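Report on one structure; see the data block that follows.
Just so you know, these numbers come straight off a predicted model, no measurement behind them. Labels below follow one simple rule: chain letters A, B, ... track the order of the sequence lines, proteins then strands, and each chain is numbered from 1.
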Amino acid sequence: MIKFLKSTFEKLIEGTLFLSSTITTLAIVLIIIFLFKEGIGTFNQTPIEDGFSLVVNKNNPVNELTANEIKNIFDQNITNWKTVGGKNDSITLFNIDNIGEFYSDSAIGENFEFLPQCISDYTENNPGAIAFVTTRYTGKGFTGKILTTTKVNISQFISQKEWFPTAQPAAQLGVLPLILGTLWVSFGAILIALPLGLATSIYMAEITSPKIRNILKPLIELLAGIPSVVYGFFGLVIIVPGIQKLFDLPVGETALAGSIVLAIMALPTIITISEDALRTTPKAMKEASLALGANKWQTIYRVIIPYSGSGITAATILGIGRAIGETMAVLMVTGNAAVIPHSFLEPVRTIPATIAAELGEAPQGGLHYKALFALGCILFIITMAINLIVGYVSSKKKYNAR
Amino acid sequence: MIISKKVIRNKNLKEKVAFNIFRVFSAIVVLSLVAILSFIIYNGISVINWNFLTQMPEDGMTKGGIYPAIIGTLCLVAGSMIFAIPIGVFSGIYINEYTKDSWYKRFIKLMTNNLAGIPSIVFGLFGMSLFVNTLGFGDSIIAGSLTLGLMVLPVVIRTTEEALKAVDNSFRHGSLALGATKLQTVRKVVLPMAFPNIITGIILSVGRVSGETAPILFTVAAYFLPKLPSSIFDQVMALPYHLYVISTSGTNVEASRPIAYGTAMVLIGFVLIVNLLANALRKYFGKKVKMN
């Protein structure tokens with residue numbers, strides 16, 4: 001009996017342990033579900049805010065406009081309906097705020113109760129008119145045509161060059177500048193961090209005495225633990241003004257500042273991992289090389305680095321991953337302008353910084369909110385890919401070492 | 001074939017040049033890292049006194065202390081650890097002691113690694129969507145703690161696993177040979193030996209939790225809240241978010257600089273203490289285990 005109880009108890013504990021081990025898997029599944037549920041919602045919505053409509057003359061053959069076309073029409077970059085597939089008729093923008101110019105106060109009504117009739121009347125008399133109005137004005141007694149707006153689609157989302165999620169009349173959701181900004185800043189960071197990090201790890205693993213190494217190693221591990229917001233703060237008070245003075249710029253918040261801060265932050269990751277990789281080189285290989293008459297540098301360059309190549313690659317990719325996902329430091333030093341970057345001395349905006357800066361202001365469940373989740377999905381996919389690549393590279397190492 | 005002196009001189013010259021480049025690069029790295037540390041400490045240490053640590057912020061966060069932010073961060077650390085330690089240690093034990101090298105073990109490892117690689121802002125999004133909105137916790141300590149706990153879970157699992165791996169198999173075999181069950185072996189033999197390393201890993205993850213900003217942005221952190229939380233459904237201020245706010249978007253960024261230096265100093269101090277504590281514990285327990 002006691003034996004039975006005991007074995008049941010053991011099974012129970014084992015079950016608990018098993019359940020705990022499934023939590024990470026469950027977490028990933030939940031993250032995917034919640035992130036993508038909201039993110040994919042972006043592509044079910046039109047870029048026009050709920051409660052508003054675009055109205056035109058009822059004989060206008062155009063039925064549907066994309067967000068980009070709407071923006072160009074209202075910015076007067078498109079002035080003829082022919083451009084968007086309609087008749088050869090010039091476009092007349094009708095702003096509801098200027099309605100007083102066309103109709104007398106009495107025609108509109110004291111409480112705007114006749115506004116729908118006025119709008120109908122205007123669109124009927126101006127065949128090229130387009131107006132952006134509240135949907136409740138398009139109800140009973142309205143004779144114009146309500147345009148449908150093309151839903152946001154994935155290819156547009158990725159390839160459009162403008163990110164104005166709160167623009168009127170149509171939100172412009174193009175993540176290209178954000179993706180390029182992220183890659184631009186991360187690329188700059190790796191360009192700085194990789195040579196410095198590799199040199200330091202080689203110095204620590206092979207050149208310096210164990211005494212100095214024992215001082216450097218804990219220092220670098222300590223720096224890996226310093227919060228990103230502290231690095232961002234340092235960048236804000238030292239690096240940003242420094243860049244502004246050095247290059248004589250109007251603002252110091254630039255891609256370069258972001259790259260430098262990210263490089264400093266990625267250094268501990270790169271150094272620790274590649275140093276570990278360098279130190280796994282078997283002693284026999286080093287000694288064989290030295291015995292053949294190679295000096296220390298030749299040994300490092302011809303034996304140790306090729307042997308630990310996959311570890312160094314993994315360190316580099318993890319460093320890139322850290323740079324791409326970093327939020328706070330980048331948010332504080334890059335200036336956050338959502339434009340396609342042309343040089344390192346311009347402000348840029350990265351995907352994580354966009355989410356952090358805008359989510360607080362986006363109304364929950366709205367298009368903007370969902371679009372930010374879609375950005376999160378992009379980030380998730382990028383980092384997942386990086387992880388899988390690192391896993392593949394490290395597994396290859398085992399195979400080679402055999 | 002006789003190697004000419006010129007070749008030898010040439011290769012030694014190359015070595016010298018290469019090594020000196022490495023020395024210079026390492027010096028740049030170390031100096032810039034030391035510069036950051038000493039810059040913050042130099043500017044921050046003069047701000048820190050007892051009042052700074054125990055008073056509420058005043059005058060649009062340009063005067064007074066950071067007491068509520070410190071308490072908030074401590075709440076978040078405690079909350080996330082209550083969640084992450086048991087689950088993390090349990091799954092570490094399961095992965096290392098109970099599974100053989102099966103597809104399941106590889107799968108769990110892959111998932112743990114993937115979870116570790118997800119950027120902190122994505123955790124923030126997820127926490128907002130699940131804990132704050134779907135489960136209806138609102139911006140609260142519990143939502144923030146669960147988000148942070150999930151984020152450090154892979155760290156705890158990995159350190160537990162590494163610690164257990166370091167225990168020699170002969171101890172397990174010895175215990176099993178004496179007739180102990182698997183659970184008894186794990187509980188009485190393996191865990192006590194792995195304990196110092198597990199606790200070190202946990203302490204280091206405390207350091208990480210205390211400094212994270214992105215996951216708490218939308219799940220708990222308050223811009224300004226000069227009172228202490230009374231339940232786990234309250235919002236709190238937190239040190240890293242406080243530093244972000246007063247250095248970028250406070251009411252008067254210039255006037256609150258000293259406070260920002262002080263806050264940065266407290267954050268670094270926290271990380272320093274945590275690291276020292278971890279090392280000290282490692283040494284202390286290391287001796288104890290050897291003595292037994």
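With a 4.5 Å cut-off on non-hydrogen atoms, A:Pro195 touches chain B through its backbone and its side chain both. For B:Leu183, the parts lying under 4.5 angstrom from a heavy atom of chain A are both the backbone and the side chain. Residue contact with chain B, scored on non-hydrogen atoms closer than 4.5 Å, is absent for A:Tyr301. The parts of B:Ala260 that come within reach of chain A are both its backbone and its side chain, each placing non-hydrogen atoms under 4.5 angstrom from that chain. Heavy-atom distances place the side chain of B:Leu110, and not its backbone, under 4.5 Å from chain A. Only the side chain of B:Thr134 comes within contact range of chain A, judged by heavy atoms closer than 4.5 Å. Contact of A:Ala263 with chain B is not made at all, since no heavy-atom distance falls under 4.5 Å. For A:Ile324, no part sits under 4.5 Å from any heavy atom of chain B, backbone or side chain. Neither the backbone nor the side chain of A:Leu19 comes within less than 4.5 Å of any heavy atom in chain B. With a 4.5 Å cut-off on non-hydrogen atoms, B:Asn114 touches chain A through its backbone and its side chain both. Heavy-atom distances place no part of B:Glu97 under 4.5 Å from chain A, backbone and side chain included. Using a 4.5 Å cut-off between heavy atoms, B:Asn12 touches chain A through backbone and side chain atoms alike. Proximity to chain A (any heavy atom under 4.5 Å) is shown, for B:Leu33, by both the backbone and the side chain. Residue B:Ile268 touches chain A through its side chain alone, counting heavy-atom pairs closer than 4.5 Å. Interface remark: A:Leu375 contributes no atoms to any contact with chain B (heavy atom separation under 4.5 Å). Contact of A:Leu198 with chain B is not made at all, since no heavy-atom distance falls under 4.5 Å.
A pairwise comparison of heavy atoms in A:Val229 and B:Gly211 identifies CG1-O, 4.2 Å as the closest pair. Nearest heavy atoms, B:Ser247 versus A:Met332: OG-CE, 3.3 Å. When every heavy atom of B:Leu125 is checked against every heavy atom of A:Gly376, the shortest pair comes out as CD1-CA, 3.6 Å. Here the closest heavy-atom approach between residue B:Ile121 and residue A:Gly325 is recorded as CG2-O, 4.5 Å. Minimum heavy-atom separation, B:Glu15 to A:Trp297: OE2-N, 3.1 Å. For the pair A:Thr327 and B:Ser120, the tightest heavy-atom approach, listed with the atom from each and the gap, is OG1-OG, 4.3 Å.
In B:Phe90, the CZ atom is not crowded: 12 or fewer heavy atoms of neighbouring residues, nucleotides or ligands sit closer than 6.0 Å. Atom NZ of B:Lys188 has 12 or fewer neighbouring heavy atoms from other residues, nucleotides or ligands inside a 6.0 Å radius. At most 12 heavy atoms of other shown residues, nucleotides or ligands fall within 6.0 angstrom of atom CZ in A:Arg302. Surrounding OH of B:Tyr98 are more than 12 heavy atoms belonging to other residues, nucleotides or ligands, all under 6.0 Å away.
For the pair B:Ser91/A:Ile23, no side-chain contact is recorded, criterion being any heavy-atom separation below 4.5 Å from C-beta on. B:Leu37 is listed as a side-chain neighbour of A:Leu219, based on a closest heavy-atom distance under 4.5 Å. You'll find the side chain of B:Phe39 reaches within 4.5 Å of the side chain of A:Val237, heavy atoms only. Annotation: side chain of A:Ile13 is not in contact with side chain of B:Val186 (no heavy-atom distance under 4.5 Å). In this structure the side chain of B:Leu217 never reaches within 4.5 angstrom of the side chain of A:Ile355, judged on heavy atoms.
To the nearest 0.5 Å, atoms OG1 (A:Thr22) and CD1 (B:Ile108) are separated by 6.5 Å. Put simply, CE on A:Met328 and OH on B:Tyr241 are 8.0 Å apart, with the number rounded to the nearest 0.5 Å. If you take CD1 on A:Ile264 and CD1 on B:Ile36, they are separated by 4.0 Å, rounding to the nearest 0.5 Å. One distance of note links OG of B:Ser32 with CG of A:Leu196; it measures 7.5 Å at 0.5 Å rounding. Rounding to the nearest 0.5 Å gives a distance of 9.0 Å between CZ of B:Phe126 and CG of A:Leu35. Atom CE of B:Met128 and atom CG of A:Leu359 lie 4.0 Å apart (nearest 0.5 Å).
Your options are A:Ala199, A:Ala224, A:Gly232, and the one with the most heavy-atom pairs under 4.5 Å with chain B is A:Ala199. Looking only at heavy-atom pairs under 4.5 Å with chain B, the residue among A:Leu388, A:Ile226, A:Ile382 that has the most is A:Ile226. Contact count against chain B (heavy-atom pairs under 4.5 Å) is highest for A:Leu30 among A:Leu30, A:Ile386, A:Val390. Options B:Lys182, B:Gln184, B:Arg208, B:Met111 differ in how many heavy-atom pairs under 4.5 Å they form with chain A, and the most are formed by B:Met111. With respect to chain B, the highest number of heavy-atom pairs below 4.5 Å among A:Gly321, A:Ala356, A:Gly293 belongs to A:Ala356. Between chain B and the residues A:Ile202, A:Leu267, A:Thr208, the largest count of heavy-atom pairs under 4.5 Å involves A:Ile202. Ranking A:Glu221, A:Lys6, A:Glu38, A:Gln364 against chain B, the residue ahead of the rest is A:Gln364, based on heavy-atom pairs under 4.5 Å. Between chain A and the options B:Leu115, B:Ile21, B:Leu239, heavy-atom pairs under 4.5 Å are most frequent for B:Leu115. Residue with the most contacts toward chain A among B:Leu243, B:Val122, B:Asn113, B:Leu204: B:Leu243 (heavy-atom pairs, distance under 4.5 Å). No other option in B:Asn133, B:Ile40, B:Ile95, B:Leu153 has as many heavy-atom pairs under 4.5 Å with chain A as B:Asn133. Of the residues considered (B:Ile118, B:Leu130, B:Ile28), B:Leu130 shows the highest number of contacts with chain A, using heavy-atom pairs under 4.5 Å.
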Query raised in the report: Going through the distances and angles, do B:Tyr94 and A:Phe18 end up as a ring pair (Phe, Tyr, Trp, His ring centres under 6.0 Å)?
Result: CA-CA 6 Å; B:Tyr94 188 81; A:Phe18 171 75; 5.4 Å; yes
Query raised in the report: Step by step, would you call B:Val24 with A:Tyr203 a side chain to side chain contact (heavy atoms under 4.5 Å, CB included)?
Result: CA-CA 10 Å; B:Val24 171; A:Tyr203 177 77; over 6 Å; no
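In summary, the aromatic rings of B:Tyr261 and A:Phe233 are positioned with their centroids under 6.0 Å apart.
Of the possible polar contacts, none joining the A:Glu10 side chain to the B:Thr181 backbone as a donor-acceptor pair under 3.5 Å is found. A donor-acceptor distance shorter than 3.5 angstrom exists from the side chain of A:Asn295 to the backbone of B:Lys11, with no hydrogens or angles considered.
Judged purely by distance below 3.5 Å, without hydrogens or angles, the side chains of A:Ser21 and B:Tyr104 pair a donor atom with an acceptor atom.
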